[in-house]
There are 2 protein chains.
Amino acid sequence: MDWIWYSRYIMNRSNLQQTTPAQEQCTATPLGHAIRLLGDEWILLIVMHLLPGPMRFNALRTELGHISSKTLSQRLKGLEELGFIRRDAFLEIPPRVEYQLTEQGQELGAVIEALEQFGKKHLSGQKPTSCSPCALDTE
Amino acid sequence: MDWIWYSRYIMNRSNLQQTTPAQEQCTATPLGHAIRLLGDEWILLIVMHLLPGPMRFNALRTELGHISSKTLSQRLKGLEELGFIRRDAFLEIPPRVEYQLTEQGQELGAVIEALEQFGKKHLSGQKPTSCSPCALDTE
DNA sequence: CAGGATCCGATCGGATACTG
DNA sequence: CAGTATCCGATCGGATCCTG
């Protein structure tokens, strides 16, 4: 019975890879943009820790655990360019830089809250599955 | 003046990499779990497209644009294991499989809505920055 | 049609070293 | 302290081929 699938495959293989119909809808809309923004583990984590108030660079690093300075400064720069956080650098010895959420950034709190509600409701005692490739030691 | 920084560096380098204080808080809490779940671009996109109703495998592929079957089935399997979508397979010729959100999955709609509100509010006319490494052609 | 298996290039991100 | 630059291994995900 292989020929059934085979023939269909051959007949339909002509024009299948060309049409990219809703792809731009997935990436060009504000929602798509937002999804790609939050499609990064660190972004939300950073915003979450910034919600209570301003924080310094290394304080963030400590709170976030094992993030590298490269990754952190990357994300912070990105968030700053988007206007979601503000960077205040004090030219002192030793240097001090504080990051805090702008009004726009604060509104991400709503998303985080929704996320938290959801997490508490459905992900409480669950163990990671194939969705969570987290290999962190839980000592 | 290099010696200032240098000496401080040497003095503080002893115990800095050991303490992983809030790392387990970032990953073991429901919120952390949720963040890691949504820390994947596709997950939210899939859920979004599934909100209106059940959908078949290739329909999803078409809607999502350029996702590969491997990635899609991966995500679907993960979501199914978490209990957020249900997979109904009809053993016919040709095969038909429909995916739909469970009640738990529906509640992700709230998160998506929050995200959409935010996106429409702050990301409308914005161009991607370093936060969005999207290299998709916008033909 | 709905996937699984495999290959492999691109990307991400951690570790390290260095600077002001 | 607050980063930047570089290296490099691990991972992701797309392309391709294959099956029922």
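Just so it is clear, the values below take in all heavy atoms, side chains as well, and ignore hydrogens, waters and symmetry mates. Predicted model, so just to flag it, every value in this text is computed and none were measured. Just so it is clear: chains get the letters A, B, ... in the order the sequence lines come, proteins before strands, and each one is counted from 1.
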side-chain hydrogen bond (donor to acceptor under 3.5 Å, both in side chains): pairs with one or both residues in residues 39-48 of chain B, sequence neighbours excluded | B:Asp40-B:Arg75
Using OP1 and OP2 only, check whether a side-chain N or O of [X] sits under 4.0 Å from [N].
{"X": "B:Thr71", "N": "D:dG13", "value": "no"}
{"X": "B:Arg56", "N": "C:dC1", "value": "no"}
{"X": "A:Arg61", "N": "D:dC1", "value": "no"}

Length of the line joining [X]:[atom1] and [N]:[atom2], which is rounded to integer Å:
{"X": "B:Asp40", "N": "C:dC12", "atom1": "CG", "atom2": "C1'", "result": "14 Å"}
{"X": "B:Phe57", "N": "D:dG20", "atom1": "CZ", "atom2": "P", "result": "18 Å"}
{"X": "B:Glu63", "N": "C:dA2", "atom1": "CD", "atom2": "P", "result": "14 Å"}
{"X": "A:Leu72", "N": "D:dC1", "atom1": "CG", "atom2": "C1'", "result": "13 Å"}
{"X": "B:Leu91", "N": "D:dT19", "atom1": "CG", "atom2": "C1'", "result": "15 Å"}
{"X": "A:Arg75", "N": "C:dT11", "atom1": "CZ", "atom2": "P", "result": "15 Å"}
{"X": "B:Ile93", "N": "D:dT19", "atom1": "CD1", "atom2": "P", "result": "17 Å"}
{"X": "B:Arg36", "N": "C:dC12", "atom1": "CZ", "atom2": "C1'", "result": "17 Å"}

Checking all strands, does A:Tyr99 fall into the base, sugar-phosphate, or nothing category for heavy-atom contacts under 4.0 angstrom?
-> sugar-phosphate
Side-chain contact check for A:Arg87: nearest option of D:dC1, D:dG14, D:dG3 is D:dG3
Can you tell which of D:dA2, C:dA2, D:dG13 lies closest to the side chain of A:Pro95?
-> D:dA2
Could you pick out which residue, A:Trp42 or B:Arg96, lies toward the 5' side of DNA chain C when each is mapped onto its nearest nucleotide?
-> B:Arg96
Applying salt bridge (Lys or Arg N to Asp or Glu O under 4.0 Å), name anything that partners B:Glu113, two or more places apart in sequence or on another chain.
-> none
For [X], enumerate each residue passing the side-chain hydrogen bond (donor to acceptor under 3.5 Å, both in side chains) test, keeping only those at least two apart in sequence or located in another chain.
{"X": "B:Lys70", "result": "none"}
{"X": "A:Lys121", "result": "B:Glu107"}
{"X": "A:Asn58", "result": "none"}

Under 3.5 Å, which N/O atoms of the protein pair with N/O atoms of nucleotides 4-8 of chain C?
{"unit_1": "C:dG4", "atom_1": "OP1", "unit_2": "B:Lys77", "atom_2": "NZ", "d": "3.2"}
{"unit_1": "C:dG4", "atom_1": "OP2", "unit_2": "B:Ser73", "atom_2": "OG", "d": "3.4"}
{"unit_1": "C:dC7", "atom_1": "N4", "unit_2": "B:Lys70", "atom_2": "NZ", "d": "3.4"}

Hey, can you tell me if B:His122 and A:Phe84 have their rings parallel, tilted or perpendicular (30° and 60° cut-offs)?
-> perpendicular
Closest non-hydrogen atom pair, A:Gly119 against B:Ala34 | CA-CB, 4.3 Å
